[in-house]
Participant: 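Quick one: the structure is below, and I'll ask about it shortly.
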Protein chains: 2
Amino acid sequence: MADENPQCTEQKIKEAARKVFMEKGFDGTTTRDIAEVAGINQALTNYYFRSKEKLFRLIFEDVHREFFQQIYAIMAQPIDLRDKLPLLVEAHFSLFAANPDLPLFLLSELRRHPDLLTPPSKDRPVFFFLRQMQQAIDEGQIRPVPPLHVLQLLMANIQFLHLSRPITMEIAAFDQAAHEEFTRRHKDIVIDMLMSYLFTF
Amino acid sequence: MADENPQCTEQKIKEAARKVFMEKGFDGTTTRDIAEVAGINQALTNYYFRSKEKLFRLIFEDVHREFFQQIYAIMAQPIDLRDKLPLLVEAHFSLFAANPDLPLFLLSELRRHPDLLTPPSKDRPVFFFLRQMQQAIDEGQIRPVPPLHVLQLLMANIQFLHLSRPITMEIAAFDQAAHEEFTRRHKDIVIDMLMSYLFTF
DNA sequence: AAAAAAATTAATCACTTGATTAAAACATCT
DNA sequence: AGATGTTTTAATCAAGTGATTAATTTTTTT
């Protein structure tokens with residue numbers, strides 16, 4: 001039961017590092033924490049990854065890619081906005097259901113280390129998506145809200161639910177299951193609100 | 001120019017601590033950082049506040065109170081929802097304009113140290129606000145969206161703009177001023193969307 | 001099986017951390 | 001001025017940090 005996945009050491013370290021980094025952040029994590037979770041000697045983190053920072057950057061890029069790749073895949077699809085927007089919301093929610101601390105991890109580490117951002121954010125799918133919205137506006141299909149603001153509305157309503165989970169659970173006295181139910185219900189409300197606002201005017 | 005505010009040492013430390021903690025978080029901050037910003041000897045942080053953790057809790061409670069007090073004051077007012085909701089959004093936006101990293105600071109530190117939450121969150125104004133919304137639903141004044149979900153929508157659209165500022169600035173190639181303009185514009189859109197969705201159905 | 005290479009370990013290094021201490025500087029009071 | 005208490009400082013401590021090393025074990029190659 002200890003090592004259910006008899007993978008190679010390098011992979012064990014990466015998985016442990018991902019877990020610990022996402023939980024405690026870069027500053028709150030020690031290489032000894034990671035070694036303990038991975039069940040290996042502390043020196044091995046340096047043996048395989050040179051330094052704590054190199055390991056962190058690797059993990060961060062993985063997580064970052066994993067996050068944006070799914071979203072970008074949908075953004076880039078040549079389908080109608082009326083279908084695409086709900087798809088985007090659904091995709092985010094299922095992604096976050098599997099990785100609840102992903103948003104807070106990305107946002108706080110990006111703030112601490114802004115240089116982590118540059119390479120992946122130059123990707124084009126966002127801009128394709130923004131252009132598609134501008135076109136829909138020009139054609140009178142959706143309400144004339146500048147695309148960047150629509151993107152902001154989208155992301156806010158998708159991500160904040162997970163960011164504020166600790167507070168919501170406290171205020172509403174939710175347990176894990178109750179919050180998951182709350183999340184499912186909220187997803188439909190978000191879709192309903194966004195679609196109503198954009199397509200009915 | 002060095003010490004423009006010739007206040008007492010204790011206050012200088014508190015202000016420096018607040019600045020550094022909000023910027024780097026608890027784990028990323030050293031007492032020497034704080035001492036340097038405050039322009040005092042490192043030993044004084046312990047002389048006045050016993051320990052780094054005690055100082056942090058003090059700062060956190062200050063910030064936390066400052067945040068909720070303004071919001072709660074509005075939530076508790078006996079005015080119509082049609083006026084209250086825009087008021088809440090406006091208040092948040094002006095609060096965050098003055099303290100841009102407040103939301104991320106609160107959310108990330110709360111996640112790392114969940115015990116920071118308990119005392120202040122038991123406050124009643126939220127529940128008063130939630131009851132008021134339930135009543136408005138019963139009277140058919142607003143769309144029947146469970147109040148807790150409305151609260152979530154409200155907070156999401158208010159706070160996320162600030163949480164995602166680094167990413168937005170990068171994607172949109174905004175400078176400081178451009179993002180402030182974006183923020184002002186977004187505030188109106190958020191009010192418009194929420195009011196449309198809740199009051200038109 | 002022997003030799004060579006790779007992986008793993010325990011021990012340790014240099015440094016930073018929060019915290020403490022003892023002495024010095026400063027202020028207050030008689 | 002002199003005594004007393006408070007504030008500030010430099011020096012230091014023990015613990016924890018990322019990283020390195022040299023020895024050991026394991027694996028691979030010959």
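Quantities reported herein were computed from a predicted structural model and do not represent experimental measurements. Sequence lines set the chain letters: A, B, ... in the order given, protein chains first and strands last, and positions in each chain run from 1.
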Participant: What residues form a side-chain hydrogen bond (donor to acceptor under 3.5 Å, both in side chains) with R111(B), not counting sequence neighbours?
Facilitator: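 Per chain and number, R111(B) pairs via side-chain hydrogen bond (donor to acceptor under 3.5 Å, both in side chains) with D101(A).
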Participant: Name all residues meeting the side chain to side chain contact (heavy atoms under 4.5 Å, CB included) criterion together with E10(A); count only those two or more places apart in sequence or in a different chain, and write none if there are none.
Facilitator: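 If we apply the side chain to side chain contact (heavy atoms under 4.5 Å, CB included) test to E10(A), skipping adjacent residues, the hits are C8(A), Y48(A), F49(A).
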Participant: R18(A): which residues meet the side chain to side chain contact (heavy atoms under 4.5 Å, CB included) condition with it, sequence neighbours left out?
Facilitator: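 So R18(A) forms a side chain to side chain contact (heavy atoms under 4.5 Å, CB included) with M22(A), I59(A), V63(A), E66(A), N99(A).
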Participant: Which whole-number value in Å describes the distance from R50(A) CZ to dT21(D) P?
Facilitator: 10 Å
Participant: Could you pull out all residues at least two apart from K52(B) that satisfy salt bridge (Lys or Arg N to Asp or Glu O under 4.0 Å)?
Facilitator: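 Residues passing salt bridge (Lys or Arg N to Asp or Glu O under 4.0 Å) with K52(B): none at all.
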Participant: Taking side-chain hydrogen bond (donor to acceptor under 3.5 Å, both in side chains) as the definition, give me every residue that meets it alongside R184(A), ordered by chain and number, with sequence neighbours left out.
Facilitator: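 Counting only residues at least two positions away or on another chain, R184(A) forms a side-chain hydrogen bond (donor to acceptor under 3.5 Å, both in side chains) with E181(A).
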Participant: For each nucleotide in nucleotides 5-18 of chain D, reading 5' to 3', give B when a protein heavy atom comes within less than 4.0 Å of its base, S when such contact involves only the sugar-phosphate, and - otherwise.
Facilitator: --BBBB------BB
Participant: From CD of Q11(A) over to C1' of dA7(C), roughly how many Å is that when rounded to an integer?
Facilitator: 17 Å
Participant: Angle, rounded to 10°, between the helical axes spanning five pairs at each terminus of the helix from dA1(C)-dT30(D) to dT30(C)-dA1(D)?
Facilitator: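 The two end axes of the helix from dA1(C)-dT30(D) to dT30(C)-dA1(D) meet at 10°.
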Participant: Given atom CZ of F49(B) and atom P of dA19(C), what is their separation to the nearest angstrom?
Facilitator: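 Atom-to-atom, F49(B) to dA19(C), this comes out as 13 Å.
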Participant: Please identify each residue that fulfils side chain to side chain contact (heavy atoms under 4.5 Å, CB included) with E36(B), with sequence neighbours left out.
Facilitator: none
Participant: Please name all residues satisfying side-chain hydrogen bond (donor to acceptor under 3.5 Å, both in side chains) with R112(A), sequence neighbours left out, ordered by chain then number.
Facilitator: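 side-chain hydrogen bond (donor to acceptor under 3.5 Å, both in side chains) list for R112(A), sorted by chain: D27(A).
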Participant: Which residues pass the side chain to side chain contact (heavy atoms under 4.5 Å, CB included) test with S51(A), not counting sequence neighbours?
Facilitator: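 Applying side chain to side chain contact (heavy atoms under 4.5 Å, CB included) to S51(A) gives E53(A), K54(A).
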Participant: Are F105(B) and F67(B) an aromatic pair by the rule of ring centers under 6.0 Å?
Facilitator: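 No, ring centres 6.0 Å or more apart.
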Participant: Can you check nucleotides 22-29 of chain C for protein contacts, nitrogen or oxygen pairs under 3.5 Å, and list what you find?
Facilitator:
none

Participant: Run the side-chain donor-acceptor check on residues 87-94 of chain A: report pairs under 3.5 Å with partners two or more places apart or on a different chain.
Facilitator:
{"from": "E90(A)", "atom 1": "OE1", "to": "K187(A)", "atom 2": "NZ", "distance (Å)": "3.1"}
{"from": "H92(A)", "atom 1": "ND1", "to": "L88(A)", "atom 2": "O", "distance (Å)": "3.1"}
{"from": "S94(A)", "atom 1": "OG", "to": "A91(A)", "atom 2": "O", "distance (Å)": "3.1"}

Participant: Using whole Å, report how far CG of D27(A) lies from C1' of dT16(C).
Facilitator: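 The distance from CG of D27(A) to C1' of dT16(C) comes to 13 Å, rounded to the nearest Å.
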